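Have a look at the structure below before the remarks.
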Protein chains: 2
Amino acid sequence: MAKFKLDEIDHQILDMLIDNTRIPFTDIAKKLLISAGTVHVRVKKMEDAGIIKGSSLKLDYNKLGYSFIAYVGIFLQNTSQTKFVLERLNTIPYVTVAHITTGKFNIFCKLRAKNTQHAKEVIFKIDDIDGVYRTETMISLEESLNDKKRLMHDIFNRM
Amino acid sequence: MAKFKLDEIDHQILDMLIDNTRIPFTDIAKKLLISAGTVHVRVKKMEDAGIIKGSSLKLDYNKLGYSFIAYVGIFLQNTSQTKFVLERLNTIPYVTVAHITTGKFNIFCKLRAKNTQHAKEVIFKIDDIDGVYRTETMISLEESLNDKKRLMHDIFNRM
DNA sequence: GGTGAAACTTCTAATAA
DNA sequence: TTATTAGAAGTTTCACC
């Protein structure tokens, strides 16, 4: 796989699409003083290179009734069970991310649940997975997301 | 703010847009046997209700040279410093999410860095924030994201 | 590489049901 | 609320720089 090098135009295109994936290519073209065809070709190239993996909606989970966030650290009986436990975690829809980690825990995951009662059920479900020795839960009282653009600007050396 | 109730059509529209925000409304319309105008009106309603907060790209951060992920638990000298420290964390682009948590740590955040050397610098920067007493780092050896659709299907009682 | 224009597709808002 | 429709707008391709 040849290393794909993004230039300033690519960066600016990404920058606009990160904010709004449905922004018309013609708008991007106007702002960057290039043609819509060029925007199209460059986006396609970044997709083909796998840099753009896709697009998704930002949803308000609170409004959808899922306002409970927690992190759960998992201790395994044996690290050989890691893969199996990860697979089982991925079948629980309320587990949004799972990591194999160094340090205290063997596995570390993030939960999104309806409320404390619901979270309890999910944590019990995790405790019940074969190979899970015990878990430790941290409840999020407030989540603050950093703007993706900050990281992108850093990546592009534009901070 | 009146409670906004989504019906099955709304769910299916979200379902398709979660996978690809640029899917033409005419395609959605065809699949759901409704008109493109209806899709348009419903999406607009969900945007107005704040359920759809926006859209963004899924990027391959590994390909962009940021393949290091870690979680950092922060102990504060005093909880009154929480807000200040959170604000400072949000100025570090490599801190992608921060939470105020119950349990062991006062604040808990996620890092995305270039490599271990770079992560070290970021962690030192966190340690240097006024009010931070000490930190504890967990390095992610492997991240596994659960499909957003799983949670949505659960929200819509379709599992 | 990029452009500009043509052909095609999609969006959107007004109207009608 | 939803469907239809038609003009406006956007996308994509391609011959040519």
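Since the model is a prediction, treat every value here as computed from it, not as a measurement. Chain letters run A, B, ... following the sequence lines, proteins first and then strands; every chain starts at 1.
A/Ile13 has its CD1 atom 12 Å from the P atom of D/dT11, to the nearest Å. What separates CD of B/Glu8 from P of D/dT2 is a distance of 14 Å, to the nearest Å.
Within a 6.0 Å sphere centred on NZ of A/Lys83, other residues, nucleotides and ligands contribute 12 heavy atoms or fewer.
Identified under the side chain to side chain donor-acceptor pair (under 3.5 Å) test for residues 26-35 of chain B, with sequence neighbours left out: B/Ser35-B/Thr38.
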Inset, instruction - Determine, stepwise, if the pair A/Thr82 / A/Asn106 fulfils side chain to side chain donor-acceptor pair (under 3.5 Å). - result: CA-CA 8 Å; A/Thr82 308; A/Asn106 300 112; over 6 Å; no
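The aromatic rings of B/His40 and B/Phe25 sit tilted relative to each other, their planes meeting at an angle between 30° and 60°. Taking the six-membered ring where the residue is Trp, A/His11 and A/Phe156 present parallel rings, their angle staying beneath 30° rather than reaching 60°.
Residue A/His40 places at least one side-chain N or O closer than 4.0 Å to OP1 or OP2 of D/dT12.
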Check residues 121-131 of chain A and write down every donor-acceptor pair under 3.5 Å in which the side-chain atom is one partner and the other belongs to a residue at least two apart or another chain.
residue  : atom : partner  : partner atom : Å
A/Glu121 : OE2  : A/Gln117 : NE2          : 3.0
A/Asp127 : OD1  : A/Thr135 : OG1          : 2.9

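A cation-pi arrangement is absent between A/Arg112 and A/Tyr94 under the rule of less than 6.0 angstrom and at most 45 degrees off the ring axis.
Partners of A/Lys110 under the side-chain contact (heavy atoms from CB on, under 4.5 Å) rule, at least two apart in sequence or in another chain, are A/Ile69, A/Tyr71, A/Thr96, A/Val97, A/Glu143, B/His99.
Residues from residues 21-38 of chain A lying near DNA chain C, meaning a heavy-atom separation below 4.0 Å, are A/Arg22, A/Ile34, A/Ser35, A/Thr38 in numerical order.
For A/Glu47 and A/Lys53, the salt-bridge test fails: no basic side-chain N is under 4.0 Å from an acidic carboxylate O. B/Lys104 and B/Glu136 are joined by a salt bridge, as a carboxylate oxygen and a charged side-chain nitrogen come within less than 4.0 angstrom of each other.
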Scan nucleotides 15-17 of chain D against the protein and return all N/O pairs shorter than 3.5 Å with their distances rounded to 0.1 Å.
none

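The footprint of chain B on DNA chain C, defined by a heavy-atom cutoff below 4.0 Å, extends from C/dT10 to C/dA13.
Along DNA chain C, the nucleotide nearest A/Lys45 and the nucleotide nearest B/Lys44 are compared for position; the residue whose nucleotide lies closer to the 5' end is A/Lys45.
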